[in-house]
Amino acid sequence: MIKELKNLTPKDVNFSQWYNDIIINADLAENSDIRGCMIVKPYGYAIWEKIQKKLDSILKKAGYLNVYFPLFIPKSFLSKEADHIKGFSKECAIVTHYRLKNSTKGIVIDPDAKLKEELIVRPTSETIIWNTYKKWIQSYRDLPILMNQWANVIRWEMRPRLFLRTTEFLWQEGHTAHATKKEALQETLKVLNIYTNFVEKYMAIPVIKGIKTQNERFAGALDTYCIEALMQDGKALQMGTSHFLGQNFAKAFNVQFFNQKGIKEYVWATSWGVSSRLIGALVMTHSDNNGLILPPKLAPQQVVIVPIIEKNKKNLIFLNEKITNIIDDLKKSGISVKYDNSENKKPGWKFAKYELKGVPIRLTFGMNDLKNGTIEVARRDTLTKKMISINCITNYVKILLKDIQKDIFQKALNYHLTNTTYVNTYDEFKNNIKNGGFIMAHWDGTSKTEKQIKEETKATIRCIPLYEDLTCGKDLITGMTSKRRVVFAKTY
RNA sequence: CGAGGUAUAGCGUAGUCCGGUUAGCGCACCUGCUUUGGGAGCAGGGGGCCGCAGGUUCGAAUCCUGCUACCUCGACCA
């Protein structure tokens, strides 16, 4: 299995196998017996917890309150917003009965226990939340409402893929209600910036901020903002979205308020989310052929210590004593440490195992080090080793963790930039899209051209970037004037 | 839902075309000894209704029919 992994490279056609091997070998998750549902193993879940805790504290500081709404949504709720139901109807899990019974054929669904109205397992919670907001909002004084929910959702996608597109996934979904359009729009962008900052600073993944075209928009939104990242095989992945919902849901659920002048108005809404897909992005952005590479800020174990045990095992006592001191010191500095002094595995096995799991720093300590007052420090990202004096090891590790965080972002950014090409003709476009990557090209703004490009090249417009230069140009196909370049890529 | 493919031990697989000993191998697991600074070696051991249900045959993992599940590709997508 591992040998197979080593024979693959991220650029291989078989990138999906490479990706799956890393996820399964690094103990993040495994293929499920139930279609596409992920089973997150403790290590995989630990990464999700890291993401969740950090993002949660950021959102709380920004003023959002956590809530939890029901898993089941009555079918009629979901149907109230026309575009919304159109977008989600093809991927809903539906509860129709509430009881089983014994029969001659074994356990069967009890036909007498049919629900009068079917319940949909939430694919997202806009409808059930707006049904409740109706009861909460009467006056402009009740606004804004800033809520966030950590939950699981179900989307019965045709083709599931570990972490990237699983039938069930974990996420946070924010739902806000505002008195004015301006405020709601500001909110949408504020959250987009929170996401960008989180993904770049913590996950060390560079992104492009942008706005979706009409074709790619969230079902029920007026505008969908997003952050897009580039994976190592040249495909793009949407890391998070922030939707400006306008008054669509307020109108669908009749949520109105009296403004300061006493006039009734519909409420303005936003919704936004990031999911456990982020774990997949982490894997695909930083991994190499030895396995996962985790950014220190999100690694469940930042440092692993491997003692070199000699044949009589007597030296372990001396090593333990010294290493315990090191661990205490590291922990005092807020660094998480795993000490693997198991005697049944050889050091080489442990090295390989923790590299596979992406632990940023490995410390190796044996009798030679004890004599010399040294310790061996190995970096996961560069796979380089260095002997360091044991007296300054805590400080060294502290600085090295910061360096690794910075370096892997820089590495990902370099990849991102070298794989972003600017093209001016459709031929250039077709040539470049074969190799993957982001392609910056002019587009006339019509769905027709967008669809034609999608059909002919399988590339879609990932977004209209917010901060790209605004030089004019001509559409690749129609030659119509275009005010700015947009980002094309193939996706997962 | 359309098109192709696969199903053999916890995982990965050989055997299937051309039916014939007790279904073989690697990893993992268990026992013992030796090892331990880059995935240890030797010796021994346990584990299989060959996806499910029928059929053909003296005899089926192998041939035939039906079913189910999964994988890849298309439409979908945080």
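In what follows, every chain begins at residue 1, and chains take the letters A, B, ... in the order their sequences are listed.
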### Task
By nearest nucleotide on RNA chain B, pick out whichever of A/M239 and A/F365 is the more 5' one.
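Comparing both residues, the 5'-ward one is A/F365.
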### Query
Which comes earlier along RNA chain B counting from the 5' end, the contact point of A/N20 or that of A/E91, where each point is its nearest nucleotide?
A/N20
### Query
Any chance the rings of A/F488 and A/F429 have centres within less than 6.0 Å?
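That pair passes the under 6.0 Å test.
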### Task
Assert yes or no for the condition that the ring centre distance of A/W272 to A/F244 is strictly below 6.0 Å.
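They do not qualify: ring centres at least 6.0 Å apart.
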Between [N] and [M], how many Å separate the two [atom1] atoms, rounded to a whole number?
N     : M     : atom1 : answer
B/U62 : B/A23 : P     : 14 Å
B/G55 : B/C18 : P     : 24 Å
B/U72 : B/G66 : C1'   : 25 Å
B/C49 : B/A61 : C1'   : 12 Å
B/U56 : B/G5  : P     : 28 Å

### Message
Tell me the interatomic distance from A/N25, atom CG, to B/C27, atom P, rounded to whole angstroms.
### Response
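Those two atoms, CG and P, are 16 Å apart.
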Name the pairs: protein N/O against N/O of nucleotides 2-6 of chain B, kept only if under 3.5 Å.
none

### Task
Look at the side chain of A/E157 and the backbone N and O of A/T167, then say whether any donor-acceptor pair between them is shorter than 3.5 Å.
no
Using a 4.0 Å heavy-atom cut-off across all strands, classify [X] as base, sugar-phosphate, or nothing.
X      : answer
A/E173 : nothing
A/G273 : nothing
A/L237 : nothing

### Query
What pairs with A/K60 under side chain to side chain contact (heavy atoms under 4.5 Å, CB included), at least two apart in sequence or on another chain?
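Once residues adjacent in sequence are excluded, the partners of A/K60 under the side chain to side chain contact (heavy atoms under 4.5 Å, CB included) criterion are A/D56, A/N66.
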### Query
Taking OP1 and OP2 of B/G74, is either one under 4.0 Å from a side-chain nitrogen or oxygen of A/K458?
yes
What nucleotide, of [options], holds the atom closest to the side chain of [X]?
X      : options             : value
A/K385 : B/C76, B/G37, B/G38 : B/G38
A/F169 : B/G37, B/A78, B/G38 : B/A78
A/R165 : B/G37, B/C76, B/C77 : B/C77

Does the side chain of [X] come under 3.5 Å of the side chain of [Y] through a donor N or O and an acceptor N or O?
X      : Y      : value
A/T166 : A/E168 : no
A/E173 : A/S125 : yes
A/D340 : A/Y354 : yes
A/H243 : A/T224 : yes

### Message
Any donor-acceptor pair, under 3.5 Å, between the side chain of A/K346 and the base of B/G37, if you only look at N and O atoms?
### Response
no
### Query
Given A/E456 and A/K451, is the salt bridge (Lys or Arg N to Asp or Glu O under 4.0 Å) satisfied, shown in steps?
CA-CA 9 Å; A/E456 291 175 7; A/K451 279 178 186 161; over 6 Å; no
### Message
Tell me every residue that passes side-chain hydrogen bond (donor to acceptor under 3.5 Å, both in side chains) with A/S57, counting only those two or more places apart in sequence or in another chain.
### Response
none
### Query
Quick one: does A/L78's side chain get under 4.5 Å of A/H84's, heavy atoms only?
yes
### Summary
All stems that RNA chain B takes part in, i.e. 3 or more consecutive Watson-Crick or G-U pairs with distances under 3.5 Å, are B:1-7 with B:68-74, B:10-13 with B:24-27, B:29-34 with B:40-45, B:51-55 with B:63-67
### Task
Sort and list the pairs that fulfil salt bridge (charged side-chain N to carboxylate O under 4.0 Å, His left out) and have at least one residue in residues 355-364 of chain A, not counting sequence neighbours.
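Output for this query lists A/E355-A/R362.
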N/O contacts under 3.5 Å, protein versus nucleotides 44-47 of chain B?
none

